[in-house]
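One-based numbering along the sequence shown.
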Amino acid sequence: MGVRRALAAPALMTALAVYVTLPIVAILLYSFATRWTARVLPDGYTIDWWIQGLTDGRLVGAFGTSLLLASLTAAIDLALVVPAAYWARVRNPRIRTIIEVGAAIPFCLPWLVIAFGILQLAGVVAPGLQGTFLLLLIGHVAIAFPFVYWAVDGAMAAAGIERLSQAAETCGASPLQAIRLVVVPSVTAGLVSGAMLAFATSFGEFAMVQIIGRGVETIPLWSAETLRSYTAEAGRFNVLAAVTLLTFALLFALSAVIVYLNRDGSVRLLPGAAARPVGES
């Protein structure tokens, strides 16, 4: 029985590693394959698909649009969340309920429904925004807001931002100085986590760009159109595999950064729950 238990954990970890890495290895091989028919491995290898993808103006433009959209989404959400979370914790705790209800909406409603709501509202208030990058950015900021809010609010709870703010005010700091000199340095891990989650959410989002960003092409939209194009020229799906692998590498690197920066940070298990140090049981 003891031998079985000793072997169970390594066997389980090996099976999990194979389960996770096998699709990635398959995509990697396909992105370099000349042909892949009935054999276990491709018939041959080439880097032409990577060169074709990196020199495709439309694909490079879609990738650049996704990067810009995701970066702006993360930056705007941080600019909105930090003052709001600080104000709700230090200045006016009564608005916490309103902010938390707002942060729960993207979890309660499908993003497709939110996209249609934004589209209808824009049609009444500002018809000229329909199908534009700006309207798509507004939608991405809305759906990424909860991820940034819970990360930043949890970091503020772990840092005891109320006491730090009181100490800063005692030293004569204004609210803006307190946020800039005390709050932000104290919740850096939460800021990075929230920004990375917002970036990843925006970069891989498909429903909103399909509904409200008809004039904008991002990587998810390009990928979907390539998959639907069964008559695409030879090698198009190999290019898609290369793009998928590149996207995975980018998001994996961002996740690794989150883990590294939060190695001594705090964990917030549930919205509204108190944060606790990592490793504390």
Legend entry - Side-chain donor/acceptor of Thr188 to backbone N/O of Pro185, under 3.5 Å: yes

Inset, instruction - Identify, with sequence neighbours excluded, every residue that meets salt bridge (Lys or Arg N to Asp or Glu O under 4.0 Å) alongside Arg91. - result: Glu169

Inset, instruction - State, yes or no, whether a side-chain contact exists between Leu197 and Val148 at a heavy-atom distance under 4.5 Å. - result: no

Inset, instruction - Return yes if some donor-acceptor pair links the side-chain N/O of Glu205 with the main-chain N/O of Met208 below 3.5 Å, else return no. - result: yes

Legend entry - side chain to side chain contact (heavy atoms under 4.5 Å, CB included) partners of Ala249, counting only residues at least two apart: none

Inset, instruction - Begin from the C-alpha positions of Phe203 and Thr247 and carry the test side-chain contact (heavy atoms from CB on, under 4.5 Å) through to its verdict. - result: CA-CA 9 Å; Phe203 194 91; Thr247 302; 3.4 Å; yes

Inset, instruction - Find out if a path of hydrophobic residues (ILVMFWY) with successive side-chain heavy-atom gaps under 4.5 Å connects Ile179 to Leu80. - result: yes

Legend entry - Hydrophobic cluster partners of Leu54 (side-chain heavy atoms under 4.5 Å): none

Inset, instruction - Using the salt bridge (charged side-chain N to carboxylate O under 4.0 Å, His left out) rule, collect all pairs that involve residues 52-64, keeping only residues at least two apart or in two chains. - result: Asp56-Arg236, Arg58-Glu217, Arg58-Glu225

Donor-acceptor contacts, no H, no angles, side chain residues 123-133, under 3.5 Å, sequence neighbours left out:
from: Gln130; atom 1: NE2; to: Leu119; atom 2: O; distance (Å): 3.1
from: Thr132; atom 1: OG1; to: Leu129; atom 2: O; distance (Å): 2.5
from: Thr132; atom 1: OG1; to: Leu135; atom 2: N; distance (Å): 3.4

Inset, instruction - Determine yes or no for a side-chain-to-main-chain donor-acceptor pair under 3.5 angstrom, with Ser165 supplying the side chain and Ile161 the backbone. - result: no

Legend entry - same_hphob_cluster(Leu134, Val209) at 4.5 Å side-chain heavy-atom cutoff: yes

Legend entry - Spacing of OG1 belonging to Thr226 relative to CG belonging to Leu221, to within rounding of 0.5 Å: 9.5 Å

Please report, to 0.1 Å, the donor-acceptor pairs under 3.5 Å made by any side chain of residues 21-35, with sequence neighbours excluded.
from: Thr21; atom 1: OG1; to: Ala17; atom 2: O; distance (Å): 2.6
from: Ser31; atom 1: OG; to: Leu28; atom 2: O; distance (Å): 2.6
from: Ser31; atom 1: OG; to: Trp50; atom 2: NE1; distance (Å): 3.2
from: Thr34; atom 1: OG1; to: Gly44; atom 2: N; distance (Å): 3.3
from: Thr34; atom 1: OG1; to: Gly44; atom 2: O; distance (Å): 3.3

Legend entry - Distance (rounded to the nearest 0.5 Å) between Leu68 CG and Leu137 CG: 8.5 Å

Inset, instruction - Share the residues that join Ile98 in a hydrophobic cluster, the rule being Ile, Leu, Val, Met, Phe, Trp or Tyr side chains under 4.5 Å apart at the heavy-atom level. - result: none

Legend entry - Test side-chain contact (heavy atoms from CB on, under 4.5 Å) applied to Ile99 and Val81, step by step: CA-CA 10 Å; Ile99 296 177; Val81 164; over 6 Å; no

Legend entry - Side-chain donor or acceptor of Thr170 paired with backbone N/O of Gln166 under 3.5 Å: yes

Inset, instruction - Could you name each residue pair satisfying salt bridge (charged side-chain N to carboxylate O under 4.0 Å, His left out) that touches residues 61-76, not counting sequence neighbours? - result: none

Legend entry - Any residue meeting ring pair (Phe, Tyr, Trp, His ring centres under 6.0 Å) with Phe147, in chain and number order, not counting sequence neighbours: Phe107

Legend entry - Whether Gln210 side chain and Ala207 backbone form a donor-acceptor pair below 3.5 Å: no

Legend entry - Neighbour count above 12 (heavy atom, 6.0 Å) for Phe252 CZ: no

Inset, instruction - Keeping the roles fixed (side chain from Ser66, backbone from Ile219), state whether a donor-acceptor pair exists under 3.5 Å. - result: yes

Inset, instruction - Look only at the side chain of Glu100 and the backbone of Gly102, and say whether a donor-acceptor pair between them is shorter than 3.5 Å. - result: no

Legend entry - Set of residues satisfying ring pair (Phe, Tyr, Trp, His ring centres under 6.0 Å) with respect to Tyr19, sequence neighbours excluded: none

Inset, instruction - Check ring pair (Phe, Tyr, Trp, His ring centres under 6.0 Å) between Phe116 and all other residues, then give those that pass, not counting sequence neighbours. - result: none

Inset, instruction - Sequence neighbours left out, what passes side chain to side chain contact (heavy atoms under 4.5 Å, CB included) with Ala168? Give chain and number order. - result: Ala173, Ala178, Val182

